[in-house]
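Below you'll find the structure, written out as structure tokens, and then a few comments.
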Protein chains: 2
Amino acid sequence: MTRERPVPEATVSRLPLYLRSLVELAETEGPVSSDALAEAAGVTPAKVRKDLSYLGSYGTRGRGYDAAYLIHQIRRELGLTQHWPILIAGIGNLGHALANYRGFGERGFRVAGLVDADGSKVGEIVAGLPIRPFDDLATVVRDERIAIGVIATPATAVQEVADRMVEAGLRSILNFAPAVVTVPEEVTVRKVDLAIELQILAYYEQRNAALREVRGSRAASGRS
Amino acid sequence: MTRERPVPEATVSRLPLYLRSLVELAETEGPVSSDALAEAAGVTPAKVRKDLSYLGSYGTRGRGYDAAYLIHQIRRELGLTQHWPILIAGIGNLGHALANYRGFGERGFRVAGLVDADGSKVGEIVAGLPIRPFDDLATVVRDERIAIGVIATPATAVQEVADRMVEAGLRSILNFAPAVVTVPEEVTVRKVDLAIELQILAYYEQRNAALREVRGSRAASGRS
DNA sequence: CAATGTGAAGACCTTCACAGCC
DNA sequence: GGCTGTGAAGGTCTTCACATTG
């Protein structure tokens with residue numbers, strides 16, 4: 001009789017944030033209130049309470065939440081009770097940085113495979129792992145029980161890499177390349193496009209600069 | 001009489017995606033329909049039309065959109081008619097990769113300054129630029145007319161770096177460090193947390209793996 | 001009394017479906 | 001005829017405000 005829990009997508013995307021904040025807050029003693037957690041995570045207290053309520057009633061009215069217990073519950077919900085082995089395809093600038101990123105190890109992941117199509121890179125050791133040929137992708141996935149694939153190749157290669165990952169059995173892909181990728185519906189893809197983040201910032205920068213301009217000239221001409 | 005155009009946030013965050021897709025589609029001749037653009041960008045046609053309608057009526061009924069013209073309009077809306085000079089603080093693994101990322105140059109940005117608090121790195125040339133001391137941040141911002149700051153330092157340094165950026169006059173910050181940053185309300189901060197993206201994927205991976213499990217055993221026991 | 005947990009209200013976003021126009 | 005542009009409907013997410021409870 002598994003309880004059907006439709007945790008909203010928006011909530012899921014904030015759980016990791018709460019987790020990160022709780023790990024910091026857990027240093028200090030005593031229970032953590034939704035206000036304190038909200039402050040640490042940079043969201044509103046109401047959001048914290050509603051989000052956490054989807055996981056169950058893990059707080060104590062009048063006191064707050066026990067940090068250690070909540071951490072455990074969120075980890076369980078996110079599936080972070082185990083360390084997930086990940087594979088990185090494309091060991092260029094970004095792939096290198098990702099392979100060496102300490103944060104993954106501390107937060108539930110282990111870089112367990114590296115592949116690259118460039119033969120001259122094969123064999124090179126990065127972050128303690130040898131780069132293997134692109135054609136070994138399926139073998140690495142099987143041998144290392146890889147669960148999540150990370151694409152850090154040039155945009156042109158994305159679709160082929162994704163196809164191979166799906167073929168090898170991966171059902172979760174994180175795509176850093178600036179291109180849309182098409183996969184069967186049972187596969188989850190998330191994307192991070194660094195230039196797009198900057199472009200969004202540029203929009204607000206431009207918009208606010210224009211506002212500052214207007215306010216500036218208003219002030220100069222003495223109007224309120 | 002400047003027309004007040006409240007382009008929704010969700011739309012703003014998709015404009016860069018349309019821009020990227022249009023640049024690809026512009027190779028081929030003829031107008032681009034909302035269906036074609038939707039396909040290329042990985043969204044629904046209705047969304048494309050509604051999003052574009054906030055910018056104005058730039059399409060032609062019965063035909064579609066002129067790619068070149070739309071590209072121009074979206075660039076204008078996003079403020080990408082100029083190349084924005086950006087500064088990267090923290091030239092470790094990730095900072096290096098960002099400094100060398102070709103995509104920025106192609107999509108409206110120019111890495112114009114690098115700073116790092118580690119004295120032993122100062123002077124080193126990365127992507128054709130010398131790393132300068134953290135204390136020169138304000139000077140670099142002024143001299144290079146930096147508009148956007150990128151934080152790629154360890155989490156512990158984030159708040160100090162952000163404070164310095166704000167003090168130096170920056171109003172747009174992209175934060176890659178896994179920590180919340182507090183800034184005055186006139187400053188826009190966007191964040192990218194690589195581990196969080198993986199944690200969100202882990203949630204769906206776990207959830208879907210459980211579903212596959214159930215389906216598998218159902219099939220095995222002969223139920224529909 | 002203090003802080004959670006939650007219905008209800010409201011804001012925002014997406015999808016529908018079709019009138020309007022080329 | 002074909003495709004845009006858009007009101008209206010339908011969802012989802014956020015915020016409010018307060019009853020509930022340790």
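Below, each value reflects all heavy atoms present in this structure, side chains not excepted, and no hydrogens, waters or symmetry copies. Every chain is numbered from 1, with letters handed out A, B, ... down the list of sequences.
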Inset, instruction - Return yes if some donor-acceptor pair links the side-chain N/O of B:Q199 with the main-chain N/O of A:L78 below 3.5 Å, else return no. - result: no
Inset, instruction - Provide, to the nearest angstrom, the distance between the NZ atom belonging to B:K47 and the C1' atom belonging to C:dC16. - result: 14 Å
Inset, instruction - Can you tell me which residue pairs pass the salt bridge (Lys or Arg N to Asp or Glu O under 4.0 Å) test with a partner in residues 189-198 of chain A, sequence neighbours excluded? - result: A:R190-B:E197, A:D193-B:R20, A:D193-B:R107, A:E197-B:R190
Legend entry - Exam field: side chain B:S21 to backbone B:L17, donor-acceptor pair closer than 3.5 Å: yes
Inset, instruction - Using a heavy-atom cut-off of under 4.0 Å over every strand shown, decide if B:T11 touches base, sugar-phosphate, or nothing. - result: nothing
Inset, instruction - Using a 4.0 Å heavy-atom cut-off, write out nucleotides 2-9 of chain C from 5' to 3' as B (base contacted by protein), S (sugar-phosphate only) or - (no contact). - result: BBBBBBB-
Legend entry - Atom-pair distance (CD on A:E9; P on C:dC13), nearest Å: 15 Å
Legend entry - ring pair (Phe, Tyr, Trp, His ring centres under 6.0 Å) involving A:F176 - partner list, sequence neighbours excluded: none
Inset, instruction - Using a strict 4.0 Å threshold on nitrogen-to-oxygen distance, state whether A:E205 and A:R212 make a salt bridge. - result: yes
Inset, instruction - Take atom CG of B:D66 and atom P of D:dT4, then tell me their distance rounded to the nearest Å. - result: 13 Å
Inset, instruction - Just say parallel, tilted or perpendicular for the rings of B:H72 and B:Y69, cut-offs at 30° and 60°. - result: parallel
Legend entry - A:T44, nearest nucleotide to its side chain (from C:dT15, D:dT15, D:dC13): D:dT15
